[in-house]
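Note: hydrogens, waters and symmetry copies are ignored here, and every other heavy atom, side chains too, is used. Residue numbers count from 1 along this sequence. All ligand and atom numbering here is 1-based and tracks the order in the structure.
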Amino acid sequence: MPIRSGPCPTLETERLILRPFRDEDVDDYFGVLDTSEVRRWLHLPAGLNRSNAWQQMAVFLGEWALRGTGQWALEERSSGAFLGRAGLYRPEYPDWPGVEVGWTLHPDHWGRGYATEAGAEAIRYAFEDLDLDRIYSCILPENEASQAVAVRLGMELLEERTMDFFPSAPHGIWSRAR
Ligand SMILES: CC(C)(COP(=O)(O)OP(=O)(O)OC[C@H]1O[C@@H](n2cnc3c(N)ncnc32)[C@H](O)[C@@H]1OP(=O)(O)O)[C@@H](O)C(=O)NCCC(=O)NCCS
């Protein structure tokens, strides 16, 4: 039976494929989340497990179906390696600024410009295909690697504010207009 991936498009950049998550990605995706670096920077709960990784994948695909935004699974074109995820996120939080562009890679693939390359394509898609006027990123002030990606993508820090989903600290609200 063919598996329909729904409204998440597949896009290509110079070095990356941005594609819908597939059921069989669960071990690779949990492998990304289950690194000490990613657990630390995303403040993931200690008990986060493989089932939770699968639930996240289902939410990513669900957001594409419900809202036309969502995360892509990232593959390295040259090797087919699963790198992590990047994409557009608009959760149902009343104090969320808008459509966010975000990125999370396995630490084995940091330091190669892949997050910036994927983020640039996500922003291009947001502005050209979704016709959005503005894009946001919510980044904790101590997350310098993520802020550096935002800066490389031409984003500016608008403000810092505490949001309901993470009450213990303010997030930087980064943004770029079309
Ligand atoms: C945030 C995160 C995705 C950034 O990854 P990253 O690899 O540092 O970012 P990029 O992919 O843009 O790579 C940039 C680095 O690659 C280097 N690089 C090497 N080859 C490159 C190339 N061909 N093109 C561009 N940059 C290249 C850059 O010089 C830069 O190095 P530097 O960090 O020493 O300055 C990563 O740290 C991560 O997954 N963190 C955990 C999850 C997280 O915090 N997500 C964001 C929540 S807000």
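Distance CE/M57 to CZ/F30: 12.5 Å, rounded to 0.5 Å. Taking OG of S146 as the start and CG of L42 as the end, the distance is 9.0 Å to the nearest 0.5 Å. Taking NE2 of H106 as the start and OH of Y114 as the end, the distance is 14.0 Å to the nearest 0.5 Å. Going from atom CH2 of W103 over to atom OG1 of T116 covers 7.5 Å, rounded to the nearest 0.5 Å. Separating the CG atom in L48 from the CD atom in Q55 is a distance of 9.0 Å, to the nearest 0.5 Å.
What sits closest to atom 48 (S) of ligand 1 on the protein, heavy atoms only, is S146 OG, 3.3 Å. Scanning all protein heavy atoms for the shortest distance to atom 18 (N) of ligand 1 gives G111 O, 3.4 Å. Nearest protein heavy-atom contact of atom 39 (O) of ligand 1 is L105 N, 2.9 Å. At the shortest separation from atom 45 (N) of ligand 1 among protein heavy atoms lies W103 O, 2.8 Å. Atom 14 (C) of ligand 1 has R152 NH2, 3.1 Å as its closest protein atom, hydrogens excluded (heavy atom only). Of the protein's non-hydrogen atoms, the one nearest atom 12 (O) of ligand 1 is T116 OG1, 2.4 Å. In terms of protein heavy atoms, atom 3 (C) of ligand 1 is closest to A115 CB, 3.6 Å. Protein heavy atom closest to atom 22 (C) of ligand 1, with residue, atom name and distance, is R112 O, 3.3 Å.
The ligand atoms of ligand 1 that sit less than 4.0 angstrom from a heavy atom of C138 are 48 (S). Short contacts between ligand 1 and V149, defined as distances under 4.0 Å to a heavy atom of the residue, involve ligand atoms 4 (C), 9 (O), 12 (O). Annotation for ligand 1: atoms under 4.0 Å from non-hydrogen atoms of Y114 are 11 (O). Annotation for ligand 1: atoms under 4.0 Å from non-hydrogen atoms of W41 are 41 (C), 44 (O). Annotation for ligand 1: atoms under 4.0 Å from non-hydrogen atoms of W110 are 7 (O), 36 (C), 37 (O), 38 (C), 39 (O), 40 (N), 41 (C).
A salt bridge links E92 with R67; the closest basic N to acidic carboxylate O contact falls under 4.0 Å. Salt bridge status for R50 with D34: absent, with no side-chain N to carboxylate O gap under 4.0 Å. A salt bridge links E121 to R124: at least one charged side-chain nitrogen sits closer than 4.0 Å to a carboxylate oxygen.
Partners of F127 by ring pair (Phe, Tyr, Trp, His ring centres under 6.0 Å), not counting sequence neighbours: none found.
Remark: among candidates A145, G119, G113, the nearest residue to atom 10 (P) of ligand 1 is G113, based on non-hydrogen atoms. The closest non-hydrogen atom to atom 44 (O) of ligand 1, taken over L42, I139, N143, L83, comes from N143.
Atom 33 (O) of ligand 1 is never approached by the protein to below 4.0 angstrom, counting heavy atoms only. In this structure, atom 16 (O) of ligand 1 has protein heavy atoms in its sub-4.0 angstrom surroundings. For atom 24 (N) of ligand 1, a protein non-hydrogen atom is found at a distance below 4.0 Å.
Between H171 and F166, the ring planes lie perpendicular to each other; the angle is over 60°, past the 30° to 60° tilted range.
For the ligand labelled ligand 1, residue R40 lies outside the 4.0 Å heavy-atom shell.
For the residue pair Y29 / R85, a side-chain donor-acceptor distance below 3.5 Å is found, with atom types taken as modelled. A donor atom on one side chain and an acceptor atom on the other are not found under 3.5 Å apart for T69 and R90.
Of the heavy atoms in H171, none comes closer than 4.0 Å to ligand 1.
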Before you tell me yes or no, could you show the steps for D164 and W96 under side-chain hydrogen bond (donor to acceptor under 3.5 Å, both in side chains), namely the whole-Å CA-CA distance, both residues' side-chain angles and the distance that decides it to 0.1 Å? CA-CA 9 Å; D164 286 349; W96 195 254; over 6 Å; no
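Polar contact with ligand 1: absent for H109 (N/O pair, distance under 3.5 Å).
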